[in-house]
Q: 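Following this message is one structure expressed as structure tokens.
Just so we're on the same page: letters track the sequence lines, and every chain starts at 1. Side chains included, hydrogens not; waters and symmetry mates left out as well; all remaining heavy atoms used.
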Number of protein chains: 2
Amino acid sequence: MSVQTQNAAGNCSDCPIRHRAVCAHCEKPELNELESIKYYRNFEAGQSIIWSGDKMGFVGSVVSGIASLTQTMEDGRTQMVGLLLPSDFVGRPGREGSPYDVTATTDVVMCCFRKKPFEEMMARTPHIAHRLLEMTLDELDAAREWMLVLGRKTAREKIASLLSIIARRDASLSSGGPVGTLVFDLPLTREAMADYLGLTLETVSRQMSALKKDGVIQLEGKRHVTIPDMGRLMEEAGDDTDGGMLG
Amino acid sequence: MSVQTQNAAGNCSDCPIRHRAVCAHCEKPELNELESIKYYRNFEAGQSIIWSGDKMGFVGSVVSGIASLTQTMEDGRTQMVGLLLPSDFVGRPGREGSPYDVTATTDVVMCCFRKKPFEEMMARTPHIAHRLLEMTLDELDAAREWMLVLGRKTAREKIASLLSIIARRDASLSSGGPVGTLVFDLPLTREAMADYLGLTLETVSRQMSALKKDGVIQLEGKRHVTIPDMGRLMEEAGDDTDGGMLG
DNA sequence: CGGAGGGTTGATCATCCTCAATCGACGTGG
DNA sequence: CCACGTCGATTGAGGATGATCAACCCTCCG
């Protein structure tokens, strides 16, 4: 795995997540100050970024790749409680440790700030605190959406919900195109999907096969997914499309 | 139900949630400004505070009573996604509408601020924005804790988890005493517990009976609960007490 | 007295979990 | 080059947990 720091003396203005991350509202002088306290770090797929309970010396943003937040019980049952995509923030200013494990699901590049200087800067810079509040509210919405999935949806609906979330995110990143055929690669193993959805990996596998058999999705290999009809998928997810979104 | 405004010309310095609510860090001049834009509102048990999708004209704090956030699917399945206790904040500055229904579970008194003036004041008052960020991070932690409960715990563990949360909250409010016999009244119906836990009300009832038969809890009537051994309850919840907390 | 709301309990059934065998792709070492 | 082990995934058989449907209880209140 290339351990190159792809943006080593990285210039914030070239940053791919510049306008979505915690620094989104910052102006040039603020960006300059952030640049002076930031550094990049690479994590390989599977590697732990933070252990639950550890003191965190840094906070930062995911620049590329995917990381996950998970909680684990003593007997080994685990539940994923968050999926961190590029521009998502890691760490909580004002808190000592992390209550969850943070793990790199794919190779990950992070833009890190030492915690103390970042907190001090945040206290002086309402832009940053405000953006962080916005992002935290978004995460809260996502978590609560997920509580409905975990608590009330069937296995089939859970799978369809996860696929539709990933599909929509990919659509917004790439084409931005409207409702047509969507194609993407699953960034998660069956086991990670199970941990996300509160299922076993066998059930995930069975429901993926069932959705494929019923023509809701097409699979090439294990990861490459084609969605011929997004509306159909959303019906399967139980998220109704307001009754059919005529174009 | 008495519709008296128990604090009508309410003085913030007498407020029971003064040091825990969004105004916790405010000094006298700020409190004075808040007083000038606040008003109290009463809701009866069962009454809706905000409907999902509605525009919110106000934000505010729960002063007394309990409210719940719920999401509902088209076919009627519902999941509670938050429980609002005294001092908890309702509404999201910067957002138009609420993504969930907010309902009074018991009679509720709210301290409301009109949204616009509150937002303007927040922009000028870092104390408030900072406190709101803290509170939002706490809510996020609670939501994620709950995702583990919903996704991975058995019915019995779910009930025990809910009881232990309510018990601990009550303990922190009243005695603050350590591990002894805890007594409290359930603020939720069996149906509300079921909506919280992603169960049916029959399963809730059965598991309550089972925990009673096994001596984990004692019941007087349907709502009055005694916990003879908090450690035992937490074992049942799967939240291990670090391995047995010897005194 | 009768009805409504909340709660309990029982019988049965579906869903999803558990345990287990098997498969295919890939990489390593003989 | 092929045998082997590993890892992720699929599929099957059987069983447990919790949902569903239904009867019934208790208390409050008009």
Q: Treating A:Arg144 as the side-chain partner and B:Gln71 as the backbone partner, does any N or O pair qualify as donor plus acceptor under 3.5 Å?
A: no
Q: Nearest 0.5 Å, please: how far is OG in A:Ser161 from OH in A:Tyr196?
A: 10.5 Å
Q: Taking all atoms of both residues into account, what is the closest heavy-atom pair of B:Glu157 and B:Glu236, and its distance?
A: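 It is CG-O, 3.2 Å.
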Q: Are A:Arg223 and D:dA9 close enough that a side-chain N or O sits under 4.0 Å from OP1 or OP2?
A: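 Yes, within the criterion.
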Q: Rounded to whole angstroms, how far apart are CD on B:Glu220 and P on C:dG7?
A: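 Atom CD in B:Glu220 sits about 16 Å away from atom P in C:dG7.
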Q: From CG of A:Leu199 over to P of C:dT18, roughly how many Å is that when rounded to an integer?
A: 11 Å
Q: State, to 0.1 Å, how close A:Trp51 and A:Ser48 come at their nearest heavy-atom pair, and which atoms those are.
A: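 For A:Trp51 versus A:Ser48, the nearest heavy atoms are CE2-OG, 3.5 Å.
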Q: Check this one for me: any side-chain N or O of A:Thr189 less than 4.0 Å away from OP1 or OP2 of D:dG8?
A: no
Q: Does the side chain of A:Met147 reach to within under 4.5 Å of the side chain of B:Val149, using non-hydrogen atoms?
A: no
Q: Could you check whether B:Gly198 gets within reach of a base, just the sugar-phosphate, or nothing at all, counting any heavy atom under 4.0 Å?
A: sugar-phosphate
Q: Do the side chain of B:Arg152 and the main chain of A:Gln79 share a donor and acceptor less than 3.5 angstrom apart?
A: no
Q: Starting at the 5' end of nucleotides 9-14 of chain C, put B wherever the base has a protein heavy atom under 4.0 Å, S where only the sugar-phosphate does, and a dash everywhere else.
A: BBB---
Q: Indicate yes or no for a side-chain donor-acceptor contact from A:Asp54 to the backbone of A:Met56 under 3.5 Å, with no hydrogens or angles considered.
A: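 No, the answer is negative, given that no donor and acceptor are paired below the 3.5 Å cut-off.
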Q: Under a 3.5 Å distance rule, please check whether B:Thr106 uses its side chain to pair with a backbone N or O of B:Ile66 as donor and acceptor.
A: yes
Q: Write down the distance between CG (A:Leu219) and P (C:dA25), rounded to a whole number of angstrom.
A: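 In whole Å, C:dA25 P and A:Leu219 CG are 15 Å from each other.
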Q: Is the backbone N or O of B:Val63 less than 3.5 Å from a side-chain atom of B:Ser61, with the two atoms forming a donor-acceptor pair by type?
A: no
Q: Need one value for B:Gly46: base, sugar-phosphate or nothing, where a base atom within 4.0 Å counts as base even if backbone is also close, heavy atoms only.
A: nothing
Q: Heavy atom of residues 145-166 of chain A under 4.0 Å from DNA chain D: which residues?
A: none
Q: For residues B:Leu219 and B:Val225, determine if any side-chain heavy atom of one lies less than 4.5 Å from a side-chain heavy atom of the other.
A: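 Yes. Closest side-chain heavy atoms under 4.5 Å.
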Q: Rounded to whole angstroms, how far apart are CG on A:Leu211 and C1' on D:dT11?
A: 16 Å
Q: At under 4.0 Å between heavy atoms, what does B:Arg77 touch on the DNA or RNA strands: base, sugar-phosphate, or nothing?
A: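 It contacts nothing in the nucleic acid.
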Q: Take atom CZ of A:Arg190 and atom C1' of C:dG24, then tell me their distance rounded to the nearest Å.
A: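 Answer to the nearest Å: 14 Å.
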Q: What is the minimum heavy-atom distance between B:Val59 and B:Gly91, and which atoms define it?
A: CG1-CA, 4.2 Å
Q: Mind calculating the distance between CE (B:Met208) and P (C:dG7) to the nearest angstrom?
A: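 Roughly 10 Å, once rounded to whole Å.
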Q: Grab the CG-C1' distance between A:Leu186 and D:dG8 for me, whole Å please.
A: 13 Å
Q: Closer than 3.5 angstrom, by distance alone: can the side chain of A:Ser209 be matched with the main-chain N or O of A:Ser205 as a donor-acceptor pair?
A: yes
Q: How does protein reach along nucleotides 24-30 of chain D, written 5' to 3' as B (base within reach of a heavy atom under 4.0 Å), S (only sugar-phosphate), or - (no contact)?
A: -------
Q: Could you tell me how far apart B:Gln207 (CD) and C:dT8 (P) are, to the nearest whole angstrom?
A: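 B:Gln207 atom CD is separated from C:dT8 atom P by 12 Å.
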